[in-house]
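Fair warning: this is a prediction, and the values are worked out from it, not measured in the lab.
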Amino acid sequence: MDPQPGPDGPPQAATSGARATLPEAVLFDHDGVLVDSVGPDFQACLRLFREHGVELPVERWAREVCGNTDGYSALFGLLSGSVAEGVRTASGPAVPPGSGSCAPGVADTAALRARLEGLWQELLVPANVSLMPGVRELLTRLRGHGIRLAVASSADRRWVMRWLTHYELADLFDAVVGGDEVARKKPAPDVYLEALSRLGASPGRALAVEDSLTGVAAARAAGLRVVAVPTRYTRSLDYAAADVTVTGLPLLTDALLDRICREDAHVAQS
């Protein structure tokens, strides 16, 4: 299907005999949207907690850590606080980051981070990090419509490029921005603003695809419409701040894109 220019510039595509108005750019988060690295990440954190006799509730991890690279420091404080209180499930407040001490029997923050990085090296490998369903088909379709594509991630660019290269997706994107290329990471809007700048796109004619509440907040702060695609770890969270919530990328159809572009719709697609 060949894209047709609209009167004001946005790409258009035929849907059911009518012309759909499409965004001029779509900006994707990376982890949890393009590749399923979220599951191995949670398993690494869970193992770290269990090594200290504490269970990590998935809801707590999803709300405070998923999509938030600064959340790991708070996670170490939560572990320390749980051990100090003698609880088996982490549910209370964390020891404030930078307090300078960990609970007896718990390694200091540097040691906890080193252990978590070791678990990441073990678990975040191609055998465990799969491509999210529908990614390649969606990207190919959007490219066919003349829509510019970018990745806007809190993760370092090197990490993002590792998986885009592994799955042969890098050539489908016009820009890739990592969290190490901007001053502030999500939930600040910096990574999205930089991606928009590199694309030469305006936020009013672009949208973001995110899986975390942190990412949704960042995209909103950049002035973007947002499609939320929660993972199985984050589906219990409240995504009311997103314009649309879908259960998978295959549901991001031309018709839905048209609806998002034409109205401020808060809908859930299942």
Side-chain angles (χ1 to χ4, degrees), residues 23 25-42 44-45 61-73 116-117 120 123-126 128-132 134-136 138-139 142 147-199 201 203 206-231 233-234 239 241-242 249 252:
V26 178
L27 289 68
F28 291 85
D29 178 44
H30 178 258
D31 296 283
V33 173
L34 299 177
V35 298
D36 187 8
S37 52
V38 172
D41 184 18
F42 173 67
C45 295
W61 178 88
R63 185 174 62 252
E64 300 180 16
V65 179
C66 184
N68 181 10
T69 55
D70 293 332
Y72 294 103
S73 295
L116 181 58
E117 288 176 353
W120 281 339
L123 296 175
L124 287 166
V125 295
N128 297 332
V129 179
S130 59
L131 200 62
M132 296 297 283
V135 167
R136 197 178 305 277
L138 175 60
L139 296 177
L142 296 178
I147 296 172
R148 284 166 280 173
L149 304 178
V151 177
S153 175
S154 278
D156 289 354
R157 180 185 176 88
R158 182 177 178 182
W159 168 260
V160 174
M161 291 305 301
R162 171 187 175 182
W163 297 106
L164 295 184
T165 301
H166 177 77
Y167 283 111
E168 299 181 344
L169 298 178
D171 290 344
L172 294 174
F173 291 98
D174 301 288
V176 175
V177 184
D180 57 334
E181 298 180 86
V182 295
R184 300 174 299 167
K185 297 184 179 182
K186 300 175 185 177
D190 299 33
V191 70
Y192 277 112
L193 294 174
E194 178 62 23
L196 286 166
S197 177
R198 294 187 190 183
L199 291 177
L207 64 86
V209 183
E210 275 285 354
D211 71 300
S212 70
L213 297 185
T214 300
V216 170
R220 274 296 192 196
L224 291 158
R225 289 184 171 88
V226 187
V227 176
V229 191
T231 68
Y233 298 97
T234 60
Y239 283 87
L249 293 178
L252 197 52

Centroid separation Trp120 to Tyr72 less than 6.0 Å: yes

Given side chain to side chain contact (heavy atoms under 4.5 Å, CB included), test Leu27 with Leu207 step by step and report yes or no. CA-CA 6 Å; Leu27 289 68; Leu207 64 86; over 6 Å; no

Mind checking whether Leu164 and His30 have side chains closer than 4.5 Å, heavy atoms only? yes

Check: Asp174 side chain, Leu199 main-chain N or O, donor-acceptor pair, under 3.5 Å: no

Answer yes or no: is there a donor N or O on one side and an acceptor on the other, between the side chain of Thr234 and the main chain of Thr231, under 3.5 Å? yes

Is the shortest heavy-atom distance from the side chain of Ser153 to the side chain of Trp159 under 4.5 Å? no

Keeping the roles fixed (side chain from Arg220, backbone from Ala241), state whether a donor-acceptor pair exists under 3.5 Å. yes

So, Trp163 versus Asp31: side-chain donor-acceptor pair below 3.5 Å or not? no

Closest non-hydrogen atoms of Lys185 and Asp156, given as atom of the first, atom of the second and distance, are NZ-OD1, 4.1 Å

Locate the shortest heavy-atom distance separating Asp36 from Met132; write the atom from each residue and the value. CB-SD, 3.3 Å

Is there side-chain contact between Val229 and Leu249, with heavy atoms separated by less than 4.5 Å? yes

For the side chain of Arg148 and the backbone of Val26, is there at least one donor-acceptor N/O pair under 3.5 Å apart? no

Between Glu64 and Trp61 (side chain of the first, backbone of the second, donor and acceptor by atom type, cut-off under 3.5 Å), is there such a pair? no

When you compare the side chain of Val35 with that of Ser130, does any pair of heavy atoms fall below 4.5 Å? no

In this structure, CG of Leu116 is separated from CG of Leu123 (nearest 0.5 Å) by 9.5 Å

Examine distances only and state if a side-chain atom of Arg184 and a backbone atom of Val191 form a donor-acceptor pair shorter than 3.5 Å. no

Pair Asp29-Lys186, salt bridge (Lys or Arg N to Asp or Glu O under 4.0 Å): steps then yes or no: CA-CA 11 Å; Asp29 178 44; Lys186 300 175 185 177; 3.0 Å; yes

State, with a plain yes or no, whether a side-chain heavy atom of Asp180 is found less than 4.5 Å away from one of Arg157. yes

Any Val177 side-chain heavy atom under 4.5 Å of Val151 side chain: no

Looking at every non-hydrogen atom in both residues, tell me the closest pair between Ala228 and Val216 and how far apart they are. CB-CG2, 4.4 Å

Provide the closest heavy-atom pair for Leu224 versus Pro203 in the form atom of the first, atom of the second, distance. CD2-O, 3.8 Å

If only side-chain N and O atoms count, and only distance matters, is there a donor-acceptor pair under 3.5 Å linking Tyr192 with Glu210? yes

Mark yes or no for whether Ser197, through its side chain, and Leu193, through its backbone, hold a donor-acceptor pair below 3.5 Å. no

Quick one: does any side-chain atom of Asn68 pair with a main-chain N or O of Asp70 as donor and acceptor, under 3.5 Å? yes

Should the pair Phe173 and Phe28 be assigned to parallel (<30°), tilted (30 to 60°) or perpendicular (>60°) ring geometry? perpendicular

Tell me the closest heavy-atom pair linking Thr214 and Cys66, and the distance in Å. OG1-O, 3.9 Å

Shortest non-hydrogen separation from Pro23 to Ile147 and the atoms involved: O-CG1, 3.3 Å

Could you tell me whether the side chain of Leu169 reaches within less than 4.5 Å of the side chain of Leu131, counting heavy atoms only? yes

